[in-house]
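In what follows, a structure is listed as structure tokens, so that the remarks can point back to it.
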Amino acid sequence: MEGKIEVVKCSLLGSVLSNLLLVLGTSLFCGGIKNLGSEQPYDRKQADVNTGLLVLGVLCQSLPLLLRYAVSSGEHAVATDTTVLELSRACSFVMLLAYVAYLFFQLKTHRQLFEPQEVEGGDEEEAEEEAAVLGFGSALFWLVLMTVVISVLSEYVVGTIEPTSKSWGLSVSFISIILLPIVGNAAEHAGAIIFALKNKLDITLGVALGSATQISMFVVPLSVLVAWIMGIQMDLDFKLLETGSLFISVVVTAFALQDGTSHYLKGVLLLLCYIVIGACFFVTRQPAHQPNSSGSLLDGPMGPMNVQIA
């Protein structure tokens with residue numbers, strides 16, 4: 001509503017990166033250390049479905065960027081300067097359609113693929129049926145209350161992120177992509193680690209990959225369409241560095257989950273990838289010329305992608 005489109009894009013991208021690398025990496029590392037003497041199996045089918053959707057999301061977010069570069073380099077031409085914006089909106093509809101199909105697949109036709117596996121040799125306390133801490137009514141009450149509190153805090157964050165960037169000497173990209181998602185994903189982070197320690201990796205993957213899929217395939221395209229309804233021009237061009245980091249993160253995660261078992265080294269690799277990406281955004285600074293978010297193709301070959309290294 002306040003036109004801070006770059007903050008919206010960076011925070012959404014940071015949530016996906018945090019779930020894929022930080023949350024999942026920490027969970028695999030802690031679970032591997034806790035269960036050194038045994039393998040931690042999980043169902044590859046669930047991971048394959050989520051990573052496939054994430055690849056589709058990266059493709060839809062990469063096409064506006066690639067189109068802008070192709071046009072600015074003179075390789076291709078388009079009818080209007082708002083083609084990137086129009087392509088982004090079309091891709092958003094495709095992403096939402098894919099997410100609806102994913103929900104139908106997960107909840108209706110192939111529910112068995114997303115059921116947690118029974119791990120042999122577990123602790124006795126893990127085998128016992130866990131009692132519910134909250135009833136449905138009390139859980140719904142706290143959910144609504146926390147939603148209201150978070151909405152109020154979000155208003156405060158939006159108004160202070162740029163002054164904080166100046167006072168701390170950090171870029172808005174680093175704060176939005178690295179710091180905010182760490183705080184925002186704290187509950188998911190804790191839950192994923194707890195389930196990994198209990199050798200319930202299917203639930204851990206459901207938390208980490210499921211949240212990343214939801215943000216990438218639902219929240220991102222929904223934000224584009226809601227901005228369109230509000231008369232705000234938001235596209236899927238997340239810039240070169242951000243899109244490249246997302247693509248590499250999805251590829252690394254897919255390779256780490258391809259064999260159906262886990263150990264602590266996989267968690268270490270994912271965490272190191274997150275640290276490297278965080279260091280990259282830490283040294284970036286905002287360019288003197290701030291890019292617009294209208295999807296215009298009038299920028300040069302490097303467009304608004306220039307980054308000054310401190």
Side-chain angles (χ1 to χ4, degrees), residues 4-21 54-78 81-92 94-95 165 170-181 212 215-217 219-221 223-224 227 233-254 273-310:
K4 301 182 185 296
I5 302 301
E6 295 303 317
V7 175
V8 175
K9 290 182 178 180
C10 290
S11 61
L12 292 175
L13 175 71
S15 295
V16 178
L17 295 178
S18 175
N19 278 289
L20 290 180
L21 301 179
L54 289 170
V55 170
L56 175 60
V58 172
L59 173 64
C60 292
Q61 295 175 32
S62 300
L63 288 177
L65 172 66
L66 296 175
L67 177 62
R68 179 167 62 82
Y69 269 80
V71 173
S72 61
S73 64
E75 296 180 359
H76 296 276
V78 293
D81 293 335
T82 59
T83 302
V84 168
L85 184 61
E86 296 168 356
L87 175 63
S88 298
R89 292 167 178 172
C91 290
S92 296
V94 173
M95 295 167 73
S165 173
L170 300 174
S171 66
V172 175
S173 298
F174 178 78
I175 295 177
S176 302
I177 294 178
I178 303 299
L179 297 185
L180 286 183
I215 295 170
S216 179
M217 300 300 294
V219 181
V220 170
S223 299
V224 174
Q233 295 181 333
M234 176 179 175
D235 55 33
L236 291 177
D237 186 353
F238 278 60
K239 300 182 183 179
L240 183 60
L241 180 60
E242 289 82 348
T243 304
S245 299
L246 177 60
F247 172 74
I248 295 174
S249 300
V250 172
V251 172
V252 170
T253 304
C273 289
Y274 188 75
I275 291 174
V276 171
I277 292 176
C280 180
F281 285 106
F282 179 78
V283 300
T284 61
R285 294 295 181 265
Q286 296 296 325
H289 170 65
Q290 291 291 338
N292 58 53
S293 301
S294 60
S296 174
L297 297 170
L298 297 180
D299 298 305
M302 294 306 294
M305 311 294 295
N306 294 327
V307 178
Q308 296 176 356
I309 306 299

Check [X] against [Y] and note the closest heavy-atom contact, atom names and distance.
{"X": "Thr253", "Y": "Ser249", "value": "OG1-O, 2.8 Å"}
{"X": "Gly57", "Y": "Met95", "value": "CA-CE, 4.2 Å"}
{"X": "Val252", "Y": "Cys273", "value": "CG1-SG, 4.0 Å"}
{"X": "Val84", "Y": "Pro64", "value": "CG1-CB, 3.8 Å"}
{"X": "Ser11", "Y": "Val8", "value": "OG-O, 2.9 Å"}

Partners passing side-chain hydrogen bond (donor to acceptor under 3.5 Å, both in side chains) against Ser18 (at least two apart in sequence or in another chain):
Asn185

With [X] via side chain to side chain contact (heavy atoms under 4.5 Å, CB included) - residues at least two apart:
{"X": "Val7", "result": "Lys4, Ile161, Val172, Ser176"}
{"X": "Leu246", "result": "Leu13, Val16, Leu17, Val58, Gln61, Val250"}
{"X": "Ala227", "result": "Ile232, Met234"}

Taking atom [atom1] of [X] and atom [atom2] of [Y], what is their separation to the nearest 0.5 Å?
{"X": "Phe174", "Y": "Leu180", "atom1": "CZ", "atom2": "CG", "answer": "10.5 Å"}
{"X": "Leu66", "Y": "Thr243", "atom1": "CG", "atom2": "OG1", "answer": "8.5 Å"}
{"X": "Leu85", "Y": "Leu236", "atom1": "CG", "atom2": "CG", "answer": "9.5 Å"}
{"X": "Tyr69", "Y": "Ser62", "atom1": "OH", "atom2": "OG", "answer": "12.5 Å"}
{"X": "Ile177", "Y": "Lys9", "atom1": "CD1", "atom2": "NZ", "answer": "11.5 Å"}
{"X": "Arg89", "Y": "Gln233", "atom1": "CZ", "atom2": "CD", "answer": "6.5 Å"}

Listed by chain and number, what are the ring pair (Phe, Tyr, Trp, His ring centres under 6.0 Å) partners of Phe247, not counting sequence neighbours?
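For Phe247 there are no ring pair (Phe, Tyr, Trp, His ring centres under 6.0 Å) partners, ignoring immediate neighbours.
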
Got [X] and [Y] here, is their nearest side-chain heavy-atom distance under 4.5 Å?
{"X": "Asp235", "Y": "Val224", "answer": "no"}
{"X": "Thr83", "Y": "Val71", "answer": "no"}
{"X": "Cys10", "Y": "Phe281", "answer": "no"}
{"X": "Tyr274", "Y": "Leu20", "answer": "no"}
{"X": "Cys60", "Y": "Leu56", "answer": "yes"}

